[in-house]
Protein chains: 2
Amino acid sequence: MAKATAKRTLKWQRDPEGMRLRILEAAKQEFSAHGLAGARVDRIAAKAGANKRMLYYHVGNKDELYLAVLEGAYDKIRSEERGLDLEHLDPPEAIRRLIEFTWNYFLRNPEFLSLLQTENLARAKHLKRSTKVKSMHSPFVEMIRAVVRRGVESGDFQVAVDPVQLYISIAALSFFYLSNSATLGVIFGRDLLDQKAKDERLAHMVGLVLAALTGQSVALFETTKAPKSRAAVAQTV
Amino acid sequence: MAKATAKRTLKWQRDPEGMRLRILEAAKQEFSAHGLAGARVDRIAAKAGANKRMLYYHVGNKDELYLAVLEGAYDKIRSEERGLDLEHLDPPEAIRRLIEFTWNYFLRNPEFLSLLQTENLARAKHLKRSTKVKSMHSPFVEMIRAVVRRGVESGDFQVAVDPVQLYISIAALSFFYLSNSATLGVIFGRDLLDQKAKDERLAHMVGLVLAALTGQSVALFETTKAPKSRAAVAQTV
DNA sequence: ACAGTATTTATCCAACAGGTTAATTTCTCC
DNA sequence: GGAGAAATTAACCTGTTGGATAAATACTGT
């Protein structure tokens with residue numbers, strides 16, 4: 001059976017690159033599900049379909065493994081961020097796109113949220129050691145700076161906001177809602193993650209930020225019926 | 001030595017209430033510093049100046065200990081929230097006060113942020129079991145509802161926002177900035193927690209939310225020189 | 001003063017978890 | 001076709017950790 005040239009009873013195959021990827025993927029799942037201290041090296045190995053020894057052979061000890069996962073996560077979001085060009089849009093539309101992208105990225109990558117939470121609980125101990133991540137600047141700050149400038153010049157925006165503050169605020173509105181949806185859900189006694197709730201949240205965030213910038217209340221600020229809900233939240237990249 | 005009536009060589013004293021409090025305080029520190037899985041029962045005992053057996057005697061096992069800490073944290077913030085009466089203030093001022101309170105509470109109680117993060121990483125597993133917390137509704141939602149209604153009626157606010165969304169947004173703006181200050185600090189290469197940065201952040205948040213509600217850009221929205229910085233962030237409760 | 005109970009101390013332990021050592025198998029190049 | 005290196009497996013080892021057991025000490029009411 002199997003391929004013609006293959007020897008019959010192969011106990012295992014060599015696949016260093018594939019193995020490394022499977023390890024990192026399994027580690028990402030494990031660390032985001034259980035945090036740093038809660039993660040189990042044995043479970044990562046099992047999930048990767050590998051022997052525990054492989055983790056140390058291909059990546060390193062638990063801490064190095066965790067840092068590698070974290071770096072990978074930052075790498076991924078930065079790479080997607082670069083694909084979002086806001087230059088051609090008029091300023092309010094650009095801000096909307098930015099908010100939608102952030103929201104959808106967090107929705108599509110919940111592990112990213114968990115990893116950031118975990119790293120912040122560790123006071124960024126690992127990130128500080130990472131030379132890689134430090135050099136991976138988010139393009140968003142400069143994008144926002146340019147958009148705000150254009151908006152002020154065109155008269156669309158009434159004030160010049162500090163782009164870093166705005167960046168943090170936009171991230172905050174999505175991040176907190178999603179990362180804390182579990183406790184908030186219990187407190188409010190309702191599911192913050194069903195489609196209706198998510199549509200309303202996105203509308204609220206866009207409305208809040210645009211109203212602040214333009215001075216005119218966006219229709220979406222109030223809870224709308226959100227027609228074509230699916231399309232509205234479609235991936236923006 | 002010691003009190004007159006006290007027998008001389010007392011090996012230890014009884015103090016069940018005090019012991020329980022010390023245990024919970026030590027546990028709060030430990031859990032907020034290391035998360036659930038990272039917390040060490042032995043360290044909690046040591047910090048409480050107690051024997052490890054005492055934890056199980058007075059509170060329960062690690063999970064029960066953690067839940068007790070969490071419930072205490074919610075109890076504390078809810079109690080402070082109730083002390084904040086916004087009825088007498090005109091609507092924009094009430095919103096400002098709300099934001100300042102939230103910001104300052106988080107600043108004064110960093111363990112609360114950590115505990116929430118930890119609990120959310122656990123998907124609110126413990127909170128769901130807690131009957132106590134579920135009945136501790138935050139008065140803020142109703143406060144906000146009333147303020148928004150008054151603001152719309154008086155013409156101060158241009159739109160009626162969903163109070164739950166606004167509550168979450170206000171919490172988000174402070175929470176994310178503080179809970180993620182470690183990673184954000186590394187990314188931006190600057191300290192987000194020095195006094196100047198904190199003043200600017202508070203001004204930004206107030207400006208953003210009030211501009212959105214009133215349609216008029218608040219002076220503070222831009223980065224101001226923030227005169228009397230200390231007073232501006234004084235405790236609001 | 002003393003009996004009974006509440007509180008605290010002093011040890012112990014079995015399971016676990018991260019990491020290591022050593023043997024085994026596959027691949028590559030000549 | 002086989003020698004040497006790369007990749008993988010299997011077994012093991014040691015410190016830690018949550019939790020339990022048992023003994024000792026302080027307090028309370030009578």
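Note that the structure is predicted; figures quoted are calculated from it, not measured. In what follows, chains carry the letters A, B, and so on, assigned in the order in which the sequence lines appear, proteins first and then strands, with residues in each chain numbered from 1.
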Requested in this report: Count the heavy atoms of every other residue, nucleotide or ligand shown that sit under 6.0 Å from CD of B:E64, and state whether that count exceeds 12.
Outcome: yes

Query raised in the report: For the pair made of NZ in A:K62 and P in C:dC16, what is the distance, rounded to whole Å?
Result: 16 Å

Report task. Can you tell me the distance, in whole Å, between the CG atom of B:L55 and the P atom of D:dG19? Result -> 10 Å

Query raised in the report: ring-ring contact (aromatic ring centres under 6.0 Å, His included) with A:F106: which residues, sequence neighbours excluded?
Result: A:F175

Report task. Might you confirm whether atom NZ of A:K196 has over 12 heavy atoms from other residues, nucleotides or ligands at distances under 6.0 Å? Result -> no

Query raised in the report: With sequence neighbours left out, what residues match B:H126 under ring-ring contact (aromatic ring centres under 6.0 Å, His included)?
Result: B:Y66

Query raised in the report: Which value, rounded to the nearest 0.5 Å, describes the distance between A:R201 atom CZ and B:S169 atom OG?
Result: 3.5 Å

Sub-3.5 Å pairs of nitrogen or oxygen atoms, protein against nucleotides 20-23 of chain D:
from: D:dT21; atom 1: O4; to: B:R53; atom 2: NE; distance (Å): 3.4

Report task. Determine yes or no for a side-chain-to-main-chain donor-acceptor pair under 3.5 angstrom, with A:N120 supplying the side chain and B:T183 the backbone. Result -> yes

Report task. Would you kindly give the CD1-to-C1' distance between B:I23 and C:dT9, to the nearest whole Å? Result -> 13 Å

Query raised in the report: Around B:K132, counting heavy atoms of other residues, nucleotides and ligands shown, do more than 12 lie under 6.0 Å from its NZ?
Result: no

Pairwise N/O distances under 3.5 Å, protein to nucleotides 4-7 of chain C:
from: C:dA6; atom 1: N3; to: B:R14; atom 2: NH2; distance (Å): 2.4
from: C:dT7; atom 1: OP2; to: B:Y57; atom 2: OH; distance (Å): 3.1

Query raised in the report: In degrees, rounded to 10°, what is the bend between the two ends of the helix from C:dA1-D:dT30 to C:dC30-D:dG1, using five pairs at each?
Result: 10°

**Report entry** Any residue of residues 29-50 of chain A with a heavy atom less than 4.0 Å from an atom of DNA chain D
**Finding:** none

Report task. Specify the separation, in whole Å, of atom CD of A:E17 and atom P of D:dA6. Result -> 14 Å

